[in-house]
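Notes for the one structure printed next.
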Amino acid sequence: MRAPVGEGKQRLLEALFEEFGENGPSPNLSMRQVAERLGVHHTLLTYHFGSRPGLLRAVLAEARRRDNLVIAATGEDLGFEALCRAIWTFYSDPAHEDRTHAFFHLVGLAVYERDAFQELVVDIDGLAHLLEAAALRDGATATDARRQSIIATAGLRGLLLQRLLTPTAEVDAAAERFITSLAAFEGESRAS
């Protein structure tokens, strides 16, 4: 009996997380090396994921889906500022550094090969949607909530990239200042 479509890919994703942890395989490993560690033939990985970037994209998408569930559960009742701070705390944790590296690696590839990374590009706004909902809970208009979420997501990503490039306490202080400035913007938008 054949497995339902997609089930094999999902089992491979689970095996990838079991073998390599929540950050998935290093971008430096070849498909053959990953397959060897999983005990499968590399053509199975190629069949389900297409290429090494495709494999990394799938692992990162699954990791981000799981992260967003954790952040959403944490931030269900959080306001916009508190949720921004929770997101920063989560992703600036050194335990997530490999995943952050993989994210920026794939985003860089997506800039040049948007069609090949369409799934990543479409899925990239999960955090923005969580932030938008928090801004709405705080009383922002729908337009302001969307704009605030875009600003917050872009700013936090930029700060995370800066943290990878120059990991200093100054970046963490800048993140705190940025988050505080977002709260000030939020107050101004409600007042107008």
Side-chain angles (χ1 to χ4, degrees), residues 21-24 27 56-114 117-192:
E22 66 179 30
N23 291 323
L56 295 174
R57 181 178 60 238
V59 170
L60 183 62
E62 177 61 17
R64 283 184 29 239
R65 185 190 69 76
R66 292 176 183 194
D67 293 347
N68 287 348
L69 289 174
V70 170
I71 292 168
T74 303
E76 266 179 8
D77 300 321
L78 294 180
F80 186 78
E81 180 181 359
L83 183 56
C84 285
R85 196 167 280 109
I87 290 167
W88 175 258
T89 300
F90 185 87
Y91 283 109
S92 66
D93 182 334
H96 298 120
E97 189 171 310
D98 286 344
R99 188 171 326 151
T100 305
H101 276 274
F103 173 79
F104 285 112
H105 174 78
L106 292 174
V107 166
L109 293 174
V111 168
Y112 292 100
E113 301 177 55
R114 188 176 176 92
F117 291 88
Q118 189 59 35
E119 183 182 320
L120 175 71
V121 172
V122 168
D123 187 47
I124 208 165
D125 286 333
L127 287 178
H129 296 306
L130 293 174
L131 286 163
E132 185 176 352
L136 288 169
R137 282 194 304 274
D138 283 355
T141 66
T143 300
D144 282 342
R146 180 70 186 140
R147 289 176 182 164
Q148 284 174 244
S149 72
I150 291 169
I151 292 166
T153 304
L156 290 170
R157 284 186 183 135
L159 287 160
L160 282 170
L161 179 59
Q162 186 66 39
R163 194 171 198 280
L164 289 176
L165 297 172
T166 55
T168 66
E170 292 300 315
V171 177
D172 291 323
E176 181 55 36
R177 186 169 189 165
F178 174 69
I179 292 167
T180 302
S181 73
L182 288 172
F185 171 76
E186 182 181 23
E188 288 174 16
S189 69
R190 273 198 305 246
S192 32

Problem set entry | Arg177 CZ: over 12 foreign heavy atoms closer than 6.0 Å |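 No, not enclosed.
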Problem set entry | Salt bridge flag under 4.0 Å for residues Arg163 and Glu97 |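 No, no charged N to carboxylate O under 4.0 Å.
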Which distance, rounded to the nearest 0.5 Å, do you find between the [atom1] of [X] and the [atom2] of [Y]?
| X | Y | atom1 | atom2 | answer |
| --- | --- | --- | --- | --- |
| Thr141 | Arg146 | OG1 | CZ | 13.0 Å |
| His96 | Thr89 | NE2 | OG1 | 11.5 Å |
| Asp144 | Ile151 | CG | CD1 | 9.0 Å |
| Arg157 | Ile87 | CZ | CD1 | 9.5 Å |
| His105 | Leu56 | NE2 | CG | 6.0 Å |
| Phe103 | Leu161 | CZ | CG | 10.0 Å |

Testing the basics here: between [X] and [Y], what is the closest heavy-atom pair and its distance to 0.1 Å?
| X | Y | answer |
| --- | --- | --- |
| Leu78 | Ala134 | O-CB, 3.9 Å |
| Leu131 | Ser149 | CB-CB, 3.8 Å |
| Gly155 | Phe178 | CA-CZ, 3.6 Å |
| Leu83 | Leu130 | CD2-O, 3.5 Å |
| Ala145 | Glu132 | CB-O, 3.7 Å |

Exercise. With side chains defined as the heavy atoms from C-beta onward, is the minimum distance between Leu164 and His101 less than 4.5 Å?
Worked result: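 Yes, their side chains come closer than 4.5 Å.
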Between the main-chain N or O of [Y] and the side-chain N or O of [X], is there a donor-acceptor pair closer than 3.5 Å?
| X | Y | value |
| --- | --- | --- |
| Asp138 | Gly79 | no |
| Arg85 | Glu176 | no |
| Thr153 | Ile150 | no |

For this session: Please lay out, stage by stage, how Trp88 and Leu160 fare under the test side-chain contact (heavy atoms from CB on, under 4.5 Å).
Result: CA-CA 8 Å; Trp88 175 258; Leu160 282 170; 3.7 Å; yes
Exercise. Which is it for Leu156 and Tyr91 under the side-chain contact (heavy atoms from CB on, under 4.5 Å) test, yes or no, and what are the steps along the way?
Worked result: CA-CA 9 Å; Leu156 290 170; Tyr91 283 109; over 6 Å; no
For this session: Applying side-chain contact (heavy atoms from CB on, under 4.5 Å), run through Glu81 and Leu182 and close with a yes or a no.
Result: CA-CA 7 Å; Glu81 180 181 359; Leu182 288 172; over 6 Å; no
For this session: Would you sort out whether Leu60 and Arg99 count as a side-chain contact (heavy atoms from CB on, under 4.5 Å), showing the intermediate values?
Result: CA-CA 7 Å; Leu60 183 62; Arg99 188 171 326 151; 3.6 Å; yes
